[in-house]
Each structure stands twice: as structure tokens, then as C-alpha cells.
Amino acid sequence: MIREARTEDLPKMRDIEVAAGEAFRTLNMGAIADDAPPSLEALTVYQQDARAWVATDSGDEAVAYILIEVVEPFAHIEQVTVHPLHARQGLGRKLIDKAALWAAARGLKGMTLTTFERVPWNAPYYARLGFHPVPEHQWPDAVHQIVQSERARGLDDWPRVVIKKNL
């Protein structure tokens with residue numbers, strides 16, 4: 001089931017992020033695996049603004065989540081993460097579809113995100129979902145700021161790409 005995130009989901013969302021990050025070690029990206037999950041305070045902002053959704057298991061426990069920023073005229077996927085024990089079940093796609101419905105209802109033109117270009121479960125996965133690269137000269141100012149922030153955190157040590165999907 002996909003539903004809006006609740007306050008009680010927030011600690012579990014952090015756990016999901018840590019567990020999913022471990023896969024990056026297999027690609028010699030230990031720094032990414034060691035990156036801290038979003039703080040409870042940051043997650044609370046998304047949750048209170050109704051810009052966070054979770055996929056749940058049969059016991060209503062969060063096993064995947066998505067966070068959305070509004071970067072006019074797009075919904076920007078800040079994070080989408082699936083716990084490895086629940087991977088390959090279409091949960092990421094379902095969360096993205098839910099966020100796309102939310103964005104369309106608000107009159108946004110599409111969805112954007114930044115991601116690792118060569119990580120199989122990143123850019124190649126999103127390409128299968130209909131996302132395509134955006135040339136830098138077409139980035140909204142807010143996306144430039146997001147990319148600069150990611151660079152400051154060291155994420156550009158591996159090739160990254162800005163991608164979008166029109167709605």
C-alpha cells in the first residue's frame with residue numbers, strides 16, 4: 001500500500017535509507033553508504049507538508065519512501081528509497097507514480113531528480129520509467145542550487161545527471 005508518511009514512520013524511513021545505502025559498497029562507493037540519512041527534523045518537514053509517502057508491508061510498516069520538493073514548474077524527487085529486502089517489487093515505481101499524480105494535481109509540468117549516472121538502480125532505472133537527461137542550460141535555478149549543494153557534500157565524486165519526466 002502507498003500512503004502519506006506519518007510521524008511514526010520517520011525513524012523507519014531513516015532505517016530504510018541506511019539499509020539501502022549498503023548496496024553502494026559493492027560499487028566501491030563507501031562514502032555514499034556512509035552518508036547519514038535525512039534527519040528526523042528534515043523528514044518532519046516533508047511529512048507535515050504532505051510531500052512524503054511510504055510503501056508499506058502487510059503489517060502497515062514502511063518499507064520504502066519518497067520525498068518531494070517543488071521546483072517550479074516541476075516536482076523534484078529529493079529521495080526515493082526501497083529497503084533491500086523489498087527491492088524489485090515495483091515499490092519505487094509505485095511511489096514515483098503516486099508523486100506524479102500529486103504533481104499533476106498541482107499543475108506541475110513534470111518530475112525531476114538528480115542521480116548517479118552509472119549506478120544500475122539509479123539513472124538506468126529511471127530511464128526505464130521514462131526519465132531523460134536535461135542539459136545544464138535547461139536547469140531551473142533551483143536545480144542548479146540542488147546540484148551545488150550535492151557537490152558540496154561530495155556527491156559529484158561519481159558522475160551524476162539531472163533527469164526529468166514530463167507529465
Side-chain angles (χ1 to χ4, degrees), residues 1-27 29-72 74-108 110-116 119-123 125-126 128-131 142-143 145-147 149-150 152-155 160 163-165 167:
M1 179 171 101
I2 306 295
R3 62 167 171 76
E4 285 189 17
R6 301 175 187 146
T7 302
E8 59 269 21
D9 296 319
L10 304 182
K12 182 64 178 179
M13 291 162 66
R14 296 184 85 234
D15 294 342
I16 292 165
E17 189 68 26
V18 171
E22 286 302 309
F24 286 95
R25 291 193 197 287
T26 66
L27 301 175
M29 297 173 72
I32 301 303
D34 294 335
D35 194 35
S39 68
L40 287 175
E41 295 78 14
L43 291 171
T44 297
V45 171
Y46 289 99
Q47 185 264 327
Q48 290 180 345
D49 288 348
R51 295 181 289 115
W53 294 267
V54 295
T56 62
D57 63 13
S58 60
D60 199 36
E61 177 101 6
V63 296
Y65 73 95
I66 190 168
L67 306 174
I68 299 293
E69 292 281 353
V70 176
V71 178
E72 294 290 343
F74 298 99
H76 182 80
I77 300 172
E78 175 59 31
Q79 188 66 40
V80 59
T81 305
V82 178
H83 192 286
L85 295 177
H86 298 273
R88 301 197 183 281
Q89 297 176 22
L91 298 178
R93 179 187 46 78
K94 289 177 184 175
L95 286 164
I96 291 168
D97 289 347
K98 178 68 171 178
L101 290 172
W102 177 90
R106 281 151 185 77
L108 298 172
M111 302 183 77
T112 61
L113 73 141
T114 60
T115 192
F116 292 108
V119 172
W121 60 89
N122 279 191
Y125 168 76
Y126 296 113
R128 292 191 300 274
L129 298 181
F131 286 82
V143 171
Q145 292 172 0
I146 290 167
V147 170
S149 173
E150 290 175 350
R153 291 179 23 225
L155 292 180
R160 292 189 56 83
I163 58 178
K164 78 173 181 177
K165 178 180 182 176
L167 296 178

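Taking all atoms of both residues into account, the shortest heavy-atom contact from W53 to A99 is CZ3-CB, 4.3 Å. Across all their heavy atoms, L91 and A64 have their closest contact at CB-CB, 4.3 Å. Here the closest heavy-atom approach between residue L167 and residue A103 is recorded as CD1-CB, 3.7 Å. Scanning both residues, W102 and A75, for their nearest heavy atoms gives CZ3-CB, 4.3 Å. Shortest non-hydrogen contact noted between P11 and L40 is N-CD2, 3.8 Å.
When atom types are taken as modelled, the side chain of R14 and the backbone of L10 share no donor-acceptor pair closer than 3.5 angstrom. Between the side chain of S149 and the backbone N or O of Q145, no donor-acceptor pair lies under 3.5 Å.
Atom CD1 of residue I68 and atom NE2 of residue H76 lie 8.5 Å apart, to the nearest 0.5 angstrom. T112 OG1 to I146 CD1: the interatomic distance, rounded to the nearest 0.5 Å, is 6.5 Å. One distance of note links OH of Y46 with CD of E4; it measures 15.5 Å at 0.5 Å rounding. Here the CD1 atom belonging to I2 is positioned 7.0 Å from the NZ atom belonging to K94, to the nearest 0.5 angstrom. Atom CZ of residue R51 and atom CG of residue L43 lie 11.0 Å apart, to the nearest 0.5 angstrom. Remark: M29 CE to D35 CG distance equals 10.5 Å, nearest 0.5 Å.
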Would T44 and T7 count as a side chain to side chain contact (heavy atoms under 4.5 Å, CB included) if you check the C-alpha gap in whole Å, the side-chain angles of each, and the deciding distance to 0.1 Å?
CA-CA 7 Å; T44 297; T7 302; 6.0 Å; no
Please walk me through it: do D9 and Q47 pass side chain to side chain contact (heavy atoms under 4.5 Å, CB included)?
CA-CA 9 Å; D9 296 319; Q47 185 264 327; over 6 Å; no
Pair R25, D34 - check side chain to side chain contact (heavy atoms under 4.5 Å, CB included), show working.
CA-CA 9 Å; R25 291 193 197 287; D34 294 335; 2.5 Å; yes
Test side chain to side chain contact (heavy atoms under 4.5 Å, CB included) on E150 and T114 and set out the steps.
CA-CA 9 Å; E150 290 175 350; T114 60; 2.4 Å; yes
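Between L108 and E72 the shortest side-chain heavy-atom distance falls below 4.5 Å. Contact of the I77 side chain with the F131 side chain is registered, since non-hydrogen atoms from C-beta on lie closer than 4.5 Å. Looking at heavy atoms from C-beta onward, I16 lies in side-chain contact with Y65 at the 4.5 angstrom threshold. The shortest side-chain heavy-atom distance between P120 and L27 falls under the 4.5 Å cut-off. The shortest distance between side-chain heavy atoms of M111 and V71 does not fall below 4.5 Å. Contact annotation: the side chain of V54 approaches that of R3 to within less than 4.5 Å [non-hydrogen atoms, C-beta and beyond]. Between K165 and I96, the closest side-chain pair of non-hydrogen atoms is not below 4.5 Å. Between F116 and I32 there is a side-chain heavy-atom pair separated by less than 4.5 Å.
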Between side-chain atoms of residues 78-90 and protein atoms elsewhere (two or more places apart, or another chain), which donor-acceptor pairs fall under 3.5 Å?
residue: Q79; atom: NE2; partner: E17; partner atom: OE2; Å: 3.4
residue: Q79; atom: NE2; partner: T81; partner atom: OG1; Å: 2.8
residue: T81; atom: OG1; partner: E17; partner atom: OE1; Å: 2.6
residue: H83; atom: ND1; partner: L85; partner atom: N; Å: 3.1

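Listed by chain and number, the residues in a salt bridge (charged side-chain N to carboxylate O under 4.0 Å, His left out) with R6 are D60 (sequence neighbours excluded).
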